[in-house]
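Throughout, a chain's letter reflects where its sequence line sits, starting with A, and its residues are numbered from 1. Just so it is clear, the structure is predicted and the values come from calculations on it, not from any experiment.
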Amino acid sequence: MKLEIILRGRGGMGVVTAGEILVKAAVIQGKYGQSIPSYGGERRGAPVTSYVRLSDEPIYIHREVYDADVVGVFDPSLFKVMNPLENLRDDGVLVLNTKTPVKLWKKTFYLDAVEIAEKLNLIIAGWRLVNIPMVGAIARITGVSLDAIHEAVIETFGGKLGEANAEAAKLGYEMVREI
Amino acid sequence: MSELVPEYIRRKKVISQQHFFRGNAACPGCPIPKELELLLEVMGKKTVLVVPASCSTVIMGDIHGSPSQVPVIHSAFAASAAIASGISRQLRMRGDDAKVVVWAGDGATGDIGFATVSGAAERNEDIIYVCYDNEAFMNTGIQRSSLTPFGAWTTTTPTGKREFKKPVPFIMIEHKIPYVATASIAYPFDYQAKLRKAKDIQGFRYIHLLSPCPPGWRFDSSLTIEVAKVAVETGVWPLFEVVNGEFSLTGLSKTLLDKSKRKPVEEYLKLQGRFDKMTKDDVRAFQEAVDSMWEYIKQLVKK
Amino acid sequence: MIDYPVPIGRPKEGSAGLTGHWRVIKPVIHYDKCTKCRLCYIYCPENTIDLLEGFDVRIDYDYCKGCGVCAQVCPAKAIEMFPEVK
Amino acid sequence: MMTVQNHVTAMVGNHAVAYAVKQAKPSVLAVFPITPQTTMLEKLAEYIEKGELKAELIKVEGEHSAMAAVYGAAVAGARVFTATSSQGLLYMTEMVYWVGGERVPIVNAVATRAIAEPWSIWDDHQDFFSKRDASWIMMMAENVQDAYDMTLQAFRISEDKRVLLPVMMGFDGFILTHTMERLMVLDDEIVDKFLPPREFSLIDFKDPVNVGPIAAPDDYMKIKYETMKAINGSKAVIEEISKDYEKITGRKQYGLVECYMCEDAEYVFTTSGAWTGDAREAVRRLRNQGKKVGLLKIRVIRPFPKERIKEVLKGVSGVVTFDREYSFGSGGVLATEVKASLYNSGIEVMSVIAGIGGKDVRPSHFQRVMEDVLNGHKFEERWLNE
């Protein structure tokens with residue numbers, strides 16, 4: 001396995017945390033992982049990117065991802081301000097959080113992460129926490145085990161929040177569909 | 001010369017003890033060695049001195065010998081309160097009840113090291129900070145500091161300083177630390193009483209000590225104590241202490257709230273060559289500043 | 001003993017040498033006038049006046065720098081400053 | 001192979017360093033926040049508040065005081081740690097020299113970052129390399145694992161009686177501080193054995209000493225001569241401690257330098273820091289094309305491993321150094337020093353300046369430069385700023 005993933009969302013959505021959970025899950029499975037957040041003067045609401053590499057072998061490179069196998073878009077409104085599909089390979093996969101599925105790439109997957117967040121009451125300061133359902137969906141597509149995701153989520157959040165998020169990951173894993 | 005000392009005196013045994021060794025590099029008439037002697041007598045052997053760049057850096061000797069009988073940690077100019085913080089924390093970690101004393105000049109306290117002092121005070125570090133105030137950068141050859149008084153000549157204020165002395169002791173009071181005091185070397189027992197009090201208190205303790213400098217203030221070296229005394233008598237240098245926010249005047253200063261009890265400032269100014277160039281208006285302005293400080297002190301006393 | 005590769009100073013009387021050599025005027029105590037008030041001992045800036053048994057005082061000329069504070073503070077005028085003859 | 005007691009996890013660089021610091025059990029820390037070091041400070045504060053690390057954390061009012069405070073604590077016998085970056089490192093510069101001169105064991109983790117003006121929060125090595133003359137031992141990490149390993153080794157090296165010098169560990173701002181990677185961490189007991197409690201204090205009331213007083217010219221120069229000998233002598237100690245660490249981890253450690261595919265190489269990259277990984281990737285790709293290239297990673301910047309460099313580069317035709325900092329009016333620092341190390345060897349040294357202020361550098365950049373060199377396009381200095 002050697003996968004390069006780009007996660008795109010907005011400051012405050014937990015995009016970086018999502019990348020880190022994928023890495024932790026890969027490590028739990030005995031693989032290698034790397035999550036590099038785009039760094040800058042990020043502010044709440046501004047577009048944020050996290051780059052993730054998952055591999056069976058050690059990862060040497062320390063750069064952003066330029067040729068992604070998977071792009072996860074956490075907020076469909078990002079299409080209004082940027083091109084989230086930049087750097088997605090032709091045969092790559094788009095995973096979209098949306099209520100109104102549209103086929104934007106040859107391989108497009110979607111889920112309604114907002115609905116999952118609302119269902120589990122994962123709302124903080126008015127933000128629906130869509131990041132973990134997205135992690136579940138991406139895990140499904142990339143072949144990361146749900147058990148490993150579960151463990152990584154519990155380790156990251158702990159307690160009740162951990163349980164709720166683990167459930168969110170599971171629902172994301174189950175609900176993701178190809179268009 | 002020994003013939004000048006009678007035989008019976010020559011034979012007598014010494015009963016006093018040196019806490020800070022004589023034969024150090026201080027100028028003749030410089031009160032710093034005596035101030036340290038008095039300090040170490042109170043603080044005892046389990047004391048660490050932290051000394052930033054100042055006259056005391058030289059006085060503390062070189063790698064071949066030091067007048068200090070307690071550990072001395074030399075410090076960069078602006079760093080002493082921070083170095084002392086580190087020492088104090090480690091002493092606490094190793095369960096040592098030794099005291100950490102910063103021995104700093106006015107430049108290290110009120111100018112370059114001001115943020116460091118303020119930071120350590122805000123954190124209420126368990127240290128005693130003594131500022132020996134000779135009112136200018138003396139070690140580099142008498143340049144004005146923010147604690148140089150109005151009207152004083154220095155090599156960088158050749159016609160007299162136009163700004164007033166930064167009121168550092170009052171600024172330290174505003175830090176709400178457990179203990180603040182002023183002292184003058186003319187009143188050694190008042191100074192030692194304050195050190196004793198400070199020693200028994202935990203937290204950041206600040207003592208501001210007026211320390212006349214014969215070459216810098218332009219007076220004969222025999223007058224060090226006289227100058228320090230007249231500073232108090234004229235009210236230019238008030239003696240007070242603030243224990244947990246409670247302000248009280250000490251010693252002679254207790255009697256000086258009434259302006260008529262204070263000698264005119266001229267008596268202090270005329271002793272020192274550094275004030276030679278002051279005009280009558282300057283002297284009046286100096287007097288007014290002293291009087292207005294005492295009005296402020298009145299309010300603090302009432303509280 | 002602290003063992004350390006960077007030299008560190010240790011306590012020593014006369015760290016600046018025999019500072020008595022700096023002196024240009026010398027204090028001399030007229031013991032007949034001395035009242036044993038000890039002000040000279042208390043105020044000597046260099047700590048070069050020893051207090052003796054019976055509260056007599058004695059100047060340590062090896063280190064006295066001749067500042068003249070002792071003569072100035074002596075209420076009995078028992079200390080006189082003489083130019084050094086060298 | 002002995003059984004190795006460590007376990008695998010994943011952490012961002014700042015947390016990996018904080019974790020190593022926790023395991024090293026310092027008794028006093030003084031840290032002032034600065035991007036991109038801040039999350040390390042936060043982690044350390046959390047360890048202390050939760051009681052996982054029994055230490056005093058002095059929340060100083062600036063970096064000058066941070067270094068001053070750990071100096072005071074170290075003089076009083078504490079194992080100490082501080083961390084900073086960029087402007088903060090510059091602000092503490094006076095004390096950086098101070099503690100180097102007094103040869104007090106201190107570990108300072110520097111999240112490397114460009115220096116203003118203009119403002120930049122992104123990675124380069126200008127801050128770190130600006131301290132190269134302060135008599136500190138200076139090491140640069142390649143990845144998160146390296147940052148963890150180096151932090152533990154740094155305490156050992158710094159406190160070694162044969163060394164007694166502060167150690168600065170550089171790791172690239174954001175690129176390592178905020179990157180999460182797989183990490184092998186040692187068990188606490190193993191670390192305790194590797195790093196016994198520090199025993200050394202300059203404050204002893206039975207032997208009161210004057211620390212750091214004036215030294216006359218003769219004394220001063222003698223002290224500096226001894227420091228020169230100590231820092232040069234530390235090369236052997238660093239190699240020795242690296243070997244020791246290798247034994248407890250079972251993972252290959254590289255004391256002063258690492259040579260990657262150097263054996264039959266004609267041209268070799270020279271790098272330091274996180275982009276070594278990208279250069280590694282480039283070497284792998286070039287080797288796949290049959291090109292005889294290698295990579296020399298300089299792990300320790302001070303003492304500069306000139307003997308080792310000369311030794312491992314024997315037989316190569318040329319070296320392409322990558323500098324992420326610049327000595328204005330002179331050249332790239334690594335380039336200059338590698339050149340000096342290879343003096344009279346006939347090996348050509350070409351200098352590339354790249355990645356300044358966070359400017360993008362990818363494996364393909366390394367590849368392209370090397371292809372140019374192999375095609376005969378030689379240069380003395382080249383800036384990748386197009």
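The side-chain contact (heavy atoms from CB on, under 4.5 Å) with B/Tyr179 is formed by just one residue from the set B/Gln202, B/Met172, B/Arg205, B/Lys199; it is B/Arg205. Of the candidates B/Thr109, B/Val130, B/Asp106, B/Leu147, B/Leu147 is the only one forming a side-chain contact (heavy atoms from CB on, under 4.5 Å) with B/His208.
Interface residue B/Ala78: backbone and side-chain heavy atoms are both found under 4.5 Å from chain D. For a residue to count as touching a neighbouring chain, one of its non-hydrogen atoms must lie under 4.5 Å from one of that chain's; by this rule D/Ala30 does not touch chain B. Looking at D/Val60, the atoms closer than 4.5 Å to chain B (heavy atoms on both sides) sit in the backbone and in the side chain alike. Only the backbone of B/Lys45 comes within less than 4.5 Å of a heavy atom in chain D; its side chain stays farther off. Looking at D/Asp204, the atoms closer than 4.5 Å to chain B (heavy atoms on both sides) all sit in the backbone: N, CA, C or O. Of the two parts of B/Val51, neither the backbone nor the side chain holds a non-hydrogen atom closer than 4.5 Å to a non-hydrogen atom of chain D. Proximity to chain B (any heavy atom under 4.5 Å) is shown, for D/Leu29, by neither the backbone nor the side chain. Both the backbone and the side chain of B/Thr116 come within contact range of chain D, judged by heavy atoms closer than 4.5 Å. Only the side chain of B/Glu125 comes within contact range of chain D, with at least one heavy atom under 4.5 Å from a heavy atom of that chain.
Annotation: maximal heavy-atom pairing with chain D below 4.5 Å, among B/Gly65, B/Ser75, B/Pro71, occurs at B/Pro71. Most heavy-atom pairs under 4.5 Å with chain D, from the set B/Leu49, B/Val50, B/Val100, B/Thr47: that is B/Thr47. Top candidate by heavy-atom pairs under 4.5 Å with chain B, chosen from D/Gly77, D/Ala215, D/Gly72, D/Ala74, is D/Gly72. Contacts with chain B were tallied for D/Ile223, D/Val211, D/Val28; D/Val211 has the most, counting heavy-atom pairs under 4.5 Å. Chain D forms more heavy-atom pairs under 4.5 Å with one residue of B/Thr57, B/Val70, B/Asp62, B/Val58 than with any other, namely B/Asp62. Each of B/Arg94, B/His64, B/Met60, B/Glu122 has some count of heavy-atom pairs under 4.5 Å with chain D, and the biggest count is that of B/Arg94. With respect to chain B, the highest number of heavy-atom pairs below 4.5 Å among D/Ile203, D/Val209, D/Ile58 belongs to D/Ile58.
A side-chain N or O of B/Ser146 and one of B/Asp111 form a donor-acceptor pair less than 3.5 Å apart. A donor and an acceptor atom, one from each side chain of B/Ser118 and D/Glu61, are nowhere located under 3.5 Å apart.
Salt-bridge formation is not detected for the pair D/Lys224/D/Glu226: no Lys NZ or Arg NE/NH1/NH2 atom is positioned less than 4.0 Å from an Asp or Glu carboxylate oxygen. Looking at B/Lys34 and B/Glu37, no side-chain N of the basic residue comes within less than 4.0 Å of a carboxylate O on the acidic one, giving no salt bridge.
Within the structure, salt bridge (Lys or Arg N to Asp or Glu O under 4.0 Å) contacts touching residues 207-217 of chain B (residues at least two apart or in different chains) do not occur.
Heavy-atom contacts from other residues, nucleotides or ligands closer than 6.0 Å to CE of D/Met221 number 12 or fewer. Within a 6.0 Å radius of CD in D/Glu199, other residues, nucleotides and ligands contribute 12 heavy atoms or fewer. With a 6.0 Å radius and a threshold of 12 heavy atoms from other residues, nucleotides or ligands, B/Lys46 has its NZ atom above the threshold.
Proximity of a side-chain donor or acceptor of D/Arg79 to a complementary backbone N or O of D/Phe155 within less than 3.5 Å is not detected. Counting only distance, with no hydrogens or angles, the side chain of B/Lys166 and the backbone of B/Gly110 share a donor-acceptor pair below 3.5 Å. Here the side chain of D/Lys43 pairs no donor or acceptor atom with the backbone of D/Tyr19 at under 3.5 angstrom.
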Apply side-chain contact (heavy atoms from CB on, under 4.5 Å) to D/Ile34 and D/Tyr91, showing your working.
CA-CA 12 Å; D/Ile34 182 168; D/Tyr91 193 54; over 6 Å; no
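Using a 4.5 Å heavy-atom cut-off against chain D, the contacting residues of residues 83-91 of chain B are B/Ile83, B/Ser85, B/Gly86, B/Ile87, B/Arg89, B/Gln90.
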